[in-house]
Every structure is written in C-alpha cells, then in structure tokens.
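Here's the structure, in structure tokens; my notes come after.
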Amino acid sequence: MQKLEQIYEGKAKKVYSTEDPNLVIVDYKDDATAFNGLKKGTIVGKGVINNQMTNRLMAKMEKAGIPTHFVEELSERETLVKRVEIVPLEVIIRNISAGSFAKHYGVEEGIVFDAPTIEFSYKNDDLGDPLINEYHALALKLASKEEIEQIKKYAFAVNDVLKAFWSECGVTIVDFKLEFGRTSDGTIVLADEISPDTCRLWDSKTHEKLDKDRFRRDMGGVEDAYSEIMRRLLRHDA
Ligand code: UDP
C-alpha cells in the first residue's frame with residue numbers, strides 16, 4: 001500500500017491517505033513536545049521505537065479481544081491502520097499517583113492505588129485539553145452513552161493487559177493515555193499509540209523513569225530510556 005497525500009500532521013505523527021478510503025498510513029516522527037506544545041525537541045530514534053512498540057502492544061490487545069485500528073506494519077516508522085474518526089477524548093488510566101494527578105490533588109508521586117482510576121480530557125489544544133467528566137462529554141456530544149461505556153470497558157481491559165505484560169519485563173505501568181476512534185461502520189476501536197510518549201513506565205525495582213518524563217523534566221538519558229524499554233519489550237515478546 002502506497003502513501004497518496006498527507007491528510008494530517010500532528011505533534012508526533014503524520015497521516016497519509018491511501019487508495020483504500022478505509023485505510024491510512026501513519027508515519028512516526030522523532031519530534032517531541034510537552035506542555036501542550038510549549039516545549040519542543042527531538043528524541044533520536046523515537047519514531048521507530050514508538051511505531052514498533054505500539055504495533056506489538058496493539059497485537060496483544062487484539063489477542064485479548066480489544067479491537068484496534070492496527071492493520072499492518074509497513075516499515076520501521078510506517079504502519080497501515082484503519083481510517084477512524086477520533087473520539088475527541090483523552091482517556092487516562094492511572095495505577096499509581098504521578099504527573100497532573102499528584103499536582104492537582106497535592107499528593108506525592110508513587111502512591112499505589114487500590115484500584116485503577118479513569119479520567120477524560122476534552123481533546124482540544126486551544127483549550128489545553130481540559131479535564132471533563134462523562135456528563136460533560138455527553139453534553140458536548142463528543143460520544144454517546146453507549147460509546148463511553150464501551151470505551152471505559154476497553155480502557156480497563158487495556159490496563160490489565162499492559163500491567164501483566166510490563167510486569168514480566170520488570171516494568172511498572174504507572175499511568176497512560178488512550179485514544180479511541182470510530183470506523184466507517186461506527187465500531188469503537190483503540191487507535192493512536194501506546195508508547196513511552198503516552199505511558200509512564202518505571203523500572204519495577206529502582207523506579208527509574210523509562211518514558212517521556214525524562215524529556216518533560218530535562219532529566220537526560222532520554223534516548224537511552226526509550227532504547228532500554230524497547231529492549232525489554234523485545235526480550236519478553238517472543
Ligand atoms: N498523556 C499523554 N498525552 C497528553 C497528556 C497525558 O500521552 O496530552 C499521558 C502521560 O504520558 C501520562 C498519562 O497520560 O502517562 C497521564 O498524564 P498526566 O495527566 O499526569 O499529565 P502530565 O503530567 O503528563 O501533563
């Protein structure tokens with residue numbers, strides 16, 4: 001399948017049309033942004049890692065009965081996916097306090113929750129992706145009640161798969177962001193990516209950060225962390 005024309009360019013990926021109206025090609029860039037685009041940089045090799053990691057994790061989701069947009073990996077940075085209409089919600093699952101949760105509620109990072117939490121942000125850069133609840137999402141007609149129920153079920157199921165797999169790799173999944181889309185027949189599928197850009201991943205023993213927080217917080221060792229997390233995935237994903 002060939003790229004026809006670029007139809008979208010986001011912060012970390014470009015999207016191209018193909019001759020099949022129901023399929024598009026995503027092309028992962030090394031560009032990194034944080035704080036709603038205020039901080040910009042490059043993480044060399046990130047596009048390759050995020051593409052390959054996302055695809056392997058998406059395959060695990062399919063195996064667990066969670067439908068995804070994944071079709072076929074085309075190259076190091078390019079993947080063929082189903083064309084979807086993205087539901088404008090960022091769906092965040094947390095197992096441990098960190099990031100904006102710690103900041104909003106005035107708690108330290110690293111508190112292990114008894115049960116995972118879920119929250120939604122309205123995906124809107126101009127508004128800074130404000131936190132909303134399900135009633136707001138319905139009022140704004142971002143998704144139907146049935147779609148929101150389906151999305152919640154899938155999001156917790158994704159967490160179960162990620163927790164189990166990363167634990168085998170000696171990695172704790174602290175929190176992550178998912179996006180869902182509607183295919184041409186209206187089916188809700190998991191879309192976007194699952195990568196160190198969108199997950200907080202800590203070494204289970206040392207709690208060393210192996211994710212984009214190293215970039216956000218100027219901690220150094222960003223490329224090494226992305227390589228290390230990919231190495232661990234490959235070692236355990238035979
Ligand atoms: N996240 C993301 N994109 C966003 C916001 C958050 O992928 O626009 C991910 C982030 O990497 C983390 C989780 O969602 O794994 C929770 O992020 P949080 O709300 O703590 O926000 P942050 O502290 O990253 O601003």
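In listed order, ligands and their atoms are each counted from 1.
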For a quick test of reading the model, state the closest non-hydrogen atom pair linking E193 to S195 and the distance between them. OE1-OG, 2.6 Å
Under 4.0 Å from a heavy atom of F176: which atoms of ligand 1 are those, numbered in the order shown and with their elements? 14 (O), 15 (O)
For D213, state whether at least one heavy atom is located under 4.0 Å from any atom of ligand 1. no
In the protein, which heavy atom is nearest to atom 18 (P) of ligand 1, and how far is it? S100 OG, 3.3 Å
Ring-face cation of K60 near F165 (centre distance under 6.0 Å, axis angle within 45°): yes
Would you check if the distance from the ring center of F215 to the ring center of Y226 is below 6.0 Å? no
Ligand 1 N/O within reach of R216 N/O, cut-off under 3.5 Å: yes
Between the CD atom in E134 and the CG atom in L142, the distance rounded to the nearest 0.5 Å is 12.0 Å
Assess, by modelled atom type and distance only, whether the side chains of T206 and D203 contain a donor and an acceptor separated by less than 3.5 Å. yes
Working to the nearest 0.5 Å, report the span between OG of S121 and CG of L127. 11.5 Å
Looking only at heavy atoms, which two atoms of S100 and R94 are closest? And how far apart? OG-NH2, 3.1 Å
For D197, counting its heavy atoms only, list the atoms of ligand 1 lying under 4.0 Å from any of them. 7 (O), 11 (O)
I need the contact type for D211 against ligand 1. Using non-hydrogen atoms and a strict under-4.0 Å cut-off, is it side chain, backbone, both or neither? neither
Indicate whether any N or O donor in one side chain lies under 3.5 Å from an N or O acceptor in the other, for D20 and T18. no
Mind checking whether E90 contacts ligand 1 via backbone (N, CA, C, O), side chain (CB onward), both or neither, at a 4.0 Å heavy-atom cut-off? side chain
At what distance is the nearest protein heavy atom to atom 22 (P) of ligand 1, and which residue and atom is it? R200 NH2, 3.6 Å
How far is atom 15 (O) of ligand 1 from the closest protein heavy atom, and which atom is that? D175 OD1, 2.6 Å
Which part of S121 is near ligand 1, with near meaning a heavy atom under 4.0 Å away: side chain, backbone, both or neither? neither
Of all the non-hydrogen atoms in the protein, which one sits nearest to atom 6 (C) of ligand 1, and at what distance? I92 CD1, 4.3 Å
For G99, take its heavy atoms, then give the atoms of ligand 1 lying under 4.0 Å from any of them. 20 (O), 23 (O)
For ligand 1, is any non-hydrogen atom under 4.0 Å from K212's backbone (N, CA, C, O), its side chain (CB onward), both, or neither? neither
Can you tell me how the ring of Y154 sits relative to the ring of F180, calling it parallel under 30°, perpendicular over 60° and tilted otherwise? parallel
Nearest-contact summary for atom 1 (N) of ligand 1 - protein heavy atom, Å: K177 CB, 3.7 Å
